[in-house]
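Right, one structure below, let's go through it.
Just so you know, these numbers use all the heavy atoms, side chains as well, and skip hydrogens, waters and symmetry mates.
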Amino acid sequence: MLITNKFKNYIFDFDGVILDSVEFKNQAFKKTVNRYDKKIVKKFMNFHLNNLGLSRFRKYKFLCQELLKLENTDNLEKELSNDYSKIVNKKILKVKFIKGVRNFILKNKKKNLFISSGSPQNELKKICVKKKISKYFIKVLGSPKTKYQHMMYIKKNYKIKNKETVFFGDSITDYRTAKKYNFTFIQVGNNMKNKKIKFRIKDFFDKKLLKL
C-alpha cells in the first residue's frame, strides 16, 4: 500500500528530516563550548549527540549543572544559547533541504502536516517562512514545549487517529515520542541505530517510502 494512501497525518522533526542541518548544528554546539576543558567538551557533545531531539536549553543546563557543577547558572545558560543562535542564524538559510522532502511536502500538502522540533518555536517559524514552507503546515511546534507536549496538543486539537499518523524523525526522542502515542515511526537518515525501528529511509527519494 502506498504511504500516501495509508496515512492522513504527517508529523516531521525539523533538523535532519526537513533541513540537512544536523552536522552544521553539531559544529555550532561544539564552537560554543570550546572554551572549556576537552573532557567537558567531549562529555557535552556525547550528551548532545545522544539526545538530538532535546532543546538546546536542556543541553546547556546539563553542561552548567552536571558537568561544570555550577550554581545559579541561568545567565550562563542564556549566554551560551545566544552564542549558539548567533552562529546558526547567520548560515541556517544556506542549509539545504533533505533530498526529496520539499517535493514530498508539496505532493501531500492536502494532508495534515505538522512540524515537531526541539528548536525554539519562534526561530523555527521564522526559518520556515524564509524557506517558503510554513504555509504547508497546520502547526509548527518547537521548544520550550517538549515533543510529548506537542503530540498531546495535536491529538487534542485536531482529533487525529493513531493508525493514520506517521512521525518522520531521526533521534531517539522522536522514536520514543511516536511509540508513546502509537504513531508509525519512520527514521530518516542514519543518525541512530536501533534494532526496534522497522522503517528507515535514506531520504525522501528512497523507494522504501512508497510502501511499508
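- In this structure the side chain of I18 reaches within 4.5 angstrom of the side chain of I115, judged on heavy atoms.
- In this structure, I201 and Q187 have side chains that are not in contact, with every pair of non-hydrogen atoms separated by 4.5 Å or more.
- For R176, the CZ atom is loosely surrounded, since the number of other residues' heavy atoms within 6.0 Å does not exceed 12.
- For the side chain to side chain contact (heavy atoms under 4.5 Å, CB included) test with I154, the passing option among I138, I160, N112, N9 is I160; the others fail.
- V17 is connected to I127 through a chain of hydrophobic side-chain contacts under 4.5 Å among Ile, Leu, Val, Met, Phe, Trp and Tyr, so both are in one cluster.
- Between the side chains of S171 and D174, at least one donor N or O lies within less than 3.5 Å of an accepting N or O.
- We find the CG-NZ distance between N51 and K59 to be 7.0 Å, quoted to the nearest 0.5 Å.
- The aromatic rings of F204 and F104 are tilted relative to each other, their planes meeting at an angle between 30° and 60°.
- Under the 3.5 Å distance criterion, the side-chain polar atoms of N75 are left unmatched by any main-chain donor or acceptor of K78.
- When side chains are defined from C-beta on, K39 does not count as touching L67, because their heavy atoms never get closer than 4.5 Å.
- A single hydrophobic cluster is seen to contain both M152 and F183, as judged by linkage of ILVMFWY side chains at heavy-atom distances under 4.5 Å, directly or through other members.
- Residue F114 is tested with Y158, F167, F137 for a ring-ring contact (aromatic ring centres under 6.0 Å, His included); the sole match is Y158.
- Judged by distance alone, with hydrogens and angles left aside, the side-chain atoms of E66 form no donor-acceptor pair with the main-chain N or O of L63 at under 3.5 Å.
- Annotation: K155, atom NZ; neighbour count of heavy atoms from other residues, nucleotides and ligands within 6.0 Å is above 12.
- At least one side-chain heavy atom of K25 sits less than 4.5 Å from a side-chain heavy atom of S119.
- Atoms CG and NZ, on N194 and K196 in that order, are 6.5 Å from each other to the nearest 0.5 Å.
- By the 6.0 Å contact criterion, CG on N34 is enclosed, its count of non-hydrogen atoms from other residues, nucleotides or ligands being greater than 12.
- Interatomic distance, OH of Y136 versus CG of L113, reported as 10.5 Å (0.5 Å rounding).
- Taking NZ from K43 and CG from L68, the interatomic distance works out to 11.0 Å, rounded to the nearest 0.5 Å.
- Of all heavy-atom pairs spanning K147 and T173, the tightest one is CD-CG2, 4.3 Å.
- No side-chain heavy atom of F185 sits less than 4.5 Å from a side-chain heavy atom of V166.
- We find the CZ-CG distance between F12 and D170 to be 13.0 Å, quoted to the nearest 0.5 Å.
- Between the side chain of T146 and the backbone N or O of Q149 there is at least one donor-acceptor pair closer than 3.5 Å.
- Screening residues 52-103 for ring-ring contact (aromatic ring centres under 6.0 Å, His included), with sequence neighbours left out, gives F29-Y60, F29-Y84, F44-Y60, F47-F62.
- Rounding to the nearest 0.5 Å places CG of L49 at 9.0 Å from CG of N191.
- V129 and L19 end up in different hydrophobic clusters when Ile, Leu, Val, Met, Phe, Trp and Tyr side chains are linked at under 4.5 Å.
- Counting only N and O atoms by type, the side chains of K145 and H150 include no donor and acceptor under 3.5 Å apart.
- Side chain to side chain, E77 and T73 meet the donor-acceptor criterion of an N or O pair below 3.5 Å.
- A heavy-atom distance below 4.5 Å is found between the side chains of L76 and L70.
- With no hydrogens or angles considered, no side-chain donor-acceptor pair links T32 and D83 at under 3.5 Å.
- Here the closest non-hydrogen pair linking L80 and C64 is CD1-SG, 4.1 Å.
- Dense packing is recorded around NZ of K131, with more than 12 heavy atoms of other residues, nucleotides or ligands lying under 6.0 Å away.
- Between M151 and T177 there is a side-chain heavy-atom pair separated by less than 4.5 Å.
- A donor-acceptor pair is defined here as one N or O able to donate and one able to accept, closer than 3.5 Å; such a pair exists between the side chain of K159 and the backbone of K156.
- Of all heavy-atom pairs between S21 and G16, the closest is OG-N, 4.1 Å.
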Practice prompt. Walk me through it: do L52 and N26 pass the test side chain to side chain contact (heavy atoms under 4.5 Å, CB included)?
Written response: CA-CA 9 Å; L52 289 175; N26 289 346; 4.3 Å; yes
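- Between the side chains of E123 and S85, at least one donor-acceptor pair of N or O atoms lies under 3.5 Å.
- Residue Q27 is tested with K31, K30, E23 for a side-chain hydrogen bond (donor to acceptor under 3.5 Å, both in side chains); the sole match is E23.
- V101 places none of its side-chain heavy atoms less than 4.5 Å from the side chain of D203.
- Shown here is N157, whose CG atom has more than 12 heavy atoms of other residues, nucleotides or ligands within 6.0 Å.
- Hydrophobic cluster membership is shared by L124 and F168, with clusters built from Ile, Leu, Val, Met, Phe, Trp and Tyr side chains linked at under 4.5 angstrom.
- Residue pairs meeting the side-chain hydrogen bond (donor to acceptor under 3.5 Å, both in side chains) criterion with at least one member in residues 87-106: none, sequence neighbours excluded.
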Practice prompt. Verify side chain to side chain contact (heavy atoms under 4.5 Å, CB included) between F7 and T165, making sure each step is shown before the conclusion.
Written response: CA-CA 6 Å; F7 296 108; T165 305; 5.6 Å; no
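- Closest non-hydrogen pair, S55 versus S143, comes out as CB-CB, 3.7 Å.
- Linking ILVMFWY side-chain heavy atoms closer than 4.5 Å, directly or via other members, places L209 and F205 in two distinct hydrophobic clusters.
- Heavy atoms only, all atoms of each residue included: S117 and D13 are closest at CA-OD1, 4.0 Å.
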